[in-house]
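Working notes for the structure below.
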Amino acid sequence: MSDYSDNELLQIFQNEEQKHYAFNLIVQKYQKQVYWHVRRLVIDADDADDVSQDSFIKIWKALPDFREESQLYTWIYRIATNEALSFLRKKRNKYFLPIHDVEKELSEKVKNDNYFFKGDEIERKLQLALLQLPEKQRIVFNMRYFDALKYEDISTILGTSIGALKASYHLAAKKIEKFLIEN
Amino acid sequence: MNTNNENNELNSIEFPTLSKLDRKNNFTVGETFFEKQLVEIQQKCYSQTQSTSMLRKPALHLKWVVVAGVLVIFVSIMSIYMFNGKQKIELANNTITQEVQLADLIDYDDIEENTIVNVILEEDTITNINNTKASIDTTALDVSDDDIIKYLIEEGYDLENN
């Protein structure tokens with residue numbers, strides 16, 4: 001893991017000769033966070049690998065134009081979230097399926113994948129409950145619950161007001177609780 | 001990142017099950033997954049940079065070739081169009097000139113009706129003579145000298161005095 005701050009990494013990146021070095025440090029710093037964030041959205045391990053790699057390729061291409069108006073990590077999160085959502089959208093369009101069918105397919109993966117999912121029964125149910133949620137609520141819940149992001153940062157990443165995010169999170173938590181009790 | 005206690009939001013009264021759960025990540029990957037992924041990301045990013053910079057120059061050339069091609073086609077079409085237009089104008093001018101010259105030569109007021117009729121008849125006569133001559137020439141080719149002499153004798157034509 002890199003000990004450099006985001007600003008330091010960006011400064012190193014400005015130097016043409018150290019561009020690759022700086023980018024390697026950025027990838028190492030955010031690779032796992034990006035991968036797990038994407039994985040919780042697309043569920044499948046290979047898909048998460050592809051989507052997170054594509055996210056870093058986009059980050060590499062866009063980094064020279066990155067303006068330090070936002071923080072580097074919220075910008076990286078936004079790219080990864082958009083890539084994951086775009087992947088799911090393509091998946092839905094590819095098979096001409098209604099939305100719930102993709103989520104159903106992902107639920108089957110969570111139910112049957114004993115190699116890449118190590119949680120106990122209640123944790124598996126939590127993932128199944130998450131897949132019942134509308135997409136936006138699922139993203140907000142994941143970011144807040146698992147990644148412990150601040151509402152301010154989630155607001156920057158998703159472009160949604162903090163009030164709306166709090167409402168989404170609360171609503172998602174209520175639905176999950178109900179699902180866990182009923183199942 | 002947030003270090004706030006989110007359990008305040010998910011209190012045990014409202015969320016008895018959810019509040020008890022550990023917020024750990026239950027998905028897993030292979031042992032060396034992230035090392036391999038890092039290498040793949042680097043390869044993809046840096047190879048794309050190289051291929052993009054390699055493609056950039058031919059792409060520029062290609063752009064200019066396309067522009068030049070379009071220009072050549074445009075100029076050709078314009079030349080053909082202008083040439084055709086010029087030809088049409090010249091043709092029209094020539095026709096007008098010829099008609100004007102003809103009109104100058106012919107003073108229609110001086111020509112009497114009979115003269116025109118005579119000219120037409122004269123032309124018909126010449127045509128008829130030419131046709132007859134042609135038919136005679138054709139017939140003459142088909143008849144031998146003996147047949148002609150025989151025919152003249154039969155008709156009582158005096159060959160010796162003529």
Side-chain angles (χ1 to χ4, degrees), chain A residues 19-20 23-24 27-28 31-36 39-40 43 45 48-49 52-61 63 73 110 113 115-120 122-127 129 141 143-154 166 169-170 172-174 176-181, chain B residues 1-70:
Chain A
K19 222 173 174 178
H20 289 190
F23 183 69
N24 289 349
V27 175
Q28 282 177 51
Q31 185 186 13
K32 287 181 183 173
Q33 276 171 267
V34 165
Y35 177 80
W36 294 125
R39 178 76 183 269
R40 278 191 281 270
I43 305 295
D49 185 16
S52 51
Q53 284 195 32
D54 288 346
S55 303
F56 278 110
I57 291 168
K58 282 208 169 168
I59 291 163
W60 165 249
K61 284 181 182 169
L63 205 52
Y73 94 90
V110 171
D113 188 350
Y115 184 72
F116 286 116
F117 189 83
K118 296 289 184 193
D120 58 19
I122 191 81
E123 284 160 341
R124 200 181 290 270
K125 275 184 188 169
L126 171 62
Q127 287 303 321
F141 189 87
M143 284 180 167
R144 184 74 181 150
Y145 187 84
F146 291 109
D147 298 336
L149 295 185
K150 290 181 198 164
Y151 279 119
E152 288 79 4
D153 292 341
I154 302 174
K166 283 182 177 174
Y169 183 68
H170 192 78
K174 277 183 96 173
I176 291 167
E177 183 69 31
K178 194 178 172 215
F179 183 93
L180 293 174
I181 291 167
Chain B
M1 309 246 171
N2 193 18
T3 51
N4 293 346
N5 184 7
E6 280 84 18
N7 282 330
N8 291 336
E9 287 175 302
L10 304 177
N11 62 72
S12 56
I13 298 163
E14 199 176 359
F15 305 103
T17 320
L18 203 51
S19 60
K20 282 179 201 162
L21 289 175
D22 284 339
R23 290 159 194 242
K24 63 179 182 186
N25 175 32
N26 294 302
F27 291 104
T28 58
V29 286
E31 236 175 71
T32 55
F33 173 80
F34 287 111
E35 286 81 2
K36 285 179 187 168
Q37 197 199 40
L38 177 66
V39 173
E40 281 181 48
I41 290 168
Q42 288 168 345
Q43 281 174 346
K44 283 182 185 175
C45 289
Y46 306 149
S47 69
Q48 275 196 353
T49 312
Q50 281 175 344
S51 61
T52 313
S53 60
M54 281 168 76
L55 280 171
R56 210 166 270 161
K57 282 184 181 175
L60 273 174
H61 287 306
L62 191 68
K63 193 178 90 179
W64 286 114
V65 167
V66 170
V67 169
V70 170

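Fair warning: this is a prediction, and the values are worked out from it, not measured in the lab. Chain naming here is simple, since letters A, B, ... match the order of the sequence lines and numbering starts at 1 in each.
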On a heavy-atom basis, which atom in A:Phe117 and which in B:Thr28 lie closest, and how many Å separate them?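 Closest pair (atom of A:Phe117, atom of B:Thr28, distance): N-OG1, 4.2 Å.
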Chain B heavy atoms under 4.5 Å from [X]: which part of the residue, side chain, backbone, both or neither?
X        : value
A:Ile43  : both
A:Ala45  : neither
A:Arg40  : both
A:Glu152 : neither

Side-chain donor or acceptor of A:Glu123 paired with backbone N/O of B:Asn26 under 3.5 Å: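 No.
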Closer than 3.5 angstrom, by distance alone: can the side chain of A:Glu177 be matched with the main-chain N or O of B:Thr17 as a donor-acceptor pair?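 A pair under 3.5 Å: yes.
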Counting only heavy atoms not in B:Lys20, do more than 12 sit closer than 6.0 Å to its NZ atom?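 Count not over threshold, so no.
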Show your reasoning for whether side chain to side chain contact (heavy atoms under 4.5 Å, CB included) applies to A:Ile176 and B:Phe15. CA-CA 9 Å; A:Ile176 291 167; B:Phe15 305 103; over 6 Å; no
Gap separating the [atom1] atom of [X] from the [atom2] atom of [Y], nearest 0.5 angstrom:
X        : Y        : atom1 : atom2 : value
B:Glu35  : A:Gln31  : CD    : CD    : 8.0 Å
B:Phe34  : A:Asp49  : CZ    : CG    : 9.0 Å
A:Gln53  : B:Gln43  : CD    : CD    : 9.5 Å
A:Ile122 : B:Asp22  : CD1   : CG    : 12.0 Å
B:Leu10  : A:Lys174 : CG    : NZ    : 12.5 Å

For a 4.5 angstrom cut-off between non-hydrogen side-chain atoms, does B:Lys44 reach A:Trp60?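 Answer no - side chains too far apart.
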Heavy-atom distance under 4.5 Å between the side chains of B:Gln42 and A:Val27, does that happen here?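 No - every pair of side-chain heavy atoms lies 4.5 Å or more apart.
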Can you tell me which of A:Lys19, A:Lys118, A:Lys166 forms the most heavy-atom pairs within a distance under 4.5 Å of chain B?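 Sorted descending by pairs with chain B, the first entry is A:Lys118.
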Evaluate B:Asn25 against A:Arg39 for side chain to side chain contact (heavy atoms under 4.5 Å, CB included), listing each step before the verdict. CA-CA 10 Å; B:Asn25 175 32; A:Arg39 178 76 183 269; over 6 Å; no
